[in-house]
Amino acid sequence: MHKDIAEILFTEEEIARRVGEIGSAITRDYADVAEEGVVLVSVLRGAAIFMADLARAIDLPVEMDYMAISSYGNGAKSSGVVRILKDLSSEIAGRHVIVAEDILDSGLTLKYLLKNLSSRGPASLTVATLLRKRTLAQADIDCAYVGFECPDQFIVGYGLDFAERYRNLPYIGVLKSEVY
Ligand code: PRP
């Protein structure tokens, strides 16, 4: 796996430090609702790794829930039309929900998700994304917590895949172009 990486963008240590900082910020920002805690929601599959680490960096009661979604048809990802394959296991009405995403690229996944989740009446709804790609055509998404800005390159690791590989790399790197 490692030989396919052209350049490491964020090391394991840098990621751990940043996730810790985001966890501390969330702990601080939600101190007023410490009794009820927060619900972390992630979209399978890539974001599960970030969410698992983020949950342990938050010093509040945390519930973890997951959704799986799929795009309609070919190239539909850019159309923003998605289908729910697996819905949340619990109700989020009246809850403080934080969506944990691994990467914000076109923003269409989050745009759909936020609309869908907000219709369920959460007490609050915010986004924590580990990575935000610098792309021109990105939906206008308000992210309360952003780990790193990253270049518009093919990146893998720490949950991000190419053809389901590289998710388990402990760092985030740029995939060599001859690989894809
Ligand atoms: C990735 C990532 C985000 C989405 C971001 O998921 O986890 O959910 O793409 O892209 P967008 O901002 O352009 O919508 P992907 O569909 O690759 O599924 P995966 O998590 O199973 O890898």
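Both counts, for ligands and for their atoms, begin at 1 and track the order of listing. Heavy-atom basis, side chains included; hydrogens, waters and symmetry copies ignored. This structure is a prediction, so every number in the text was calculated from the model and none was measured.
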Problem set entry | Within 6.0 angstrom of Asp59 CG, more than 12 heavy atoms from elsewhere | no
Exercise. What atoms of ligand 1 come within less than 4.0 Å of a heavy atom belonging to Ser106?
Worked result: 11 (P), 12 (O), 13 (O), 14 (O)
For this session: Find all atoms of ligand 1 within a distance of less than 4.0 Å from any non-hydrogen atom belonging to Ile103, and give their numbers and elements.
Result: 2 (C), 3 (C), 5 (C)
Exercise. Counting N and O atoms only, with roles assigned by atom type, does the side chain of Gln138 sit under 3.5 Å from a partner on the main chain of Leu104, one being a donor and the other an acceptor?
Worked result: yes
Problem set entry | Heavy-atom check, side chain of Thr109 versus side chain of Val82, under 4.5 Å | no
Problem set entry | Validation row: Leu160, Phe50 side chains within 4.5 angstrom (heavy atoms) | no
Seminar exercise, completed: Between Asp102 and Gly46, the two heavy atoms sitting closest are OD2-C, 3.2 Å
Using a 3.5 Å cut-off on N or O atoms only, is [X] in polar contact with ligand 1?
X      : value
Gly46  : yes
Glu164 : no
Gly107 : yes

Exercise. For ligand 1, is there an atom lying under 4.0 Å from some heavy atom of Arg167?
Worked result: yes
For this session: Examine the proximity of ligand 1 to Glu101 and report which part, side chain or backbone, both or neither, has a heavy atom under 4.0 Å away.
Result: side chain
Exercise. Quick one: does ligand 1 sit under 4.0 Å from the side chain of Asp161, the backbone, both or neither, non-hydrogen atoms only?
Worked result: side chain
Problem set entry | Side-chain cluster (under 4.5 Å, hydrophobic types only) that Met1 belongs to, other residues | Ile5, Ile8, Phe154, Val156, Phe162, Tyr166, Leu169, Tyr171, Leu175, Val179, Tyr180
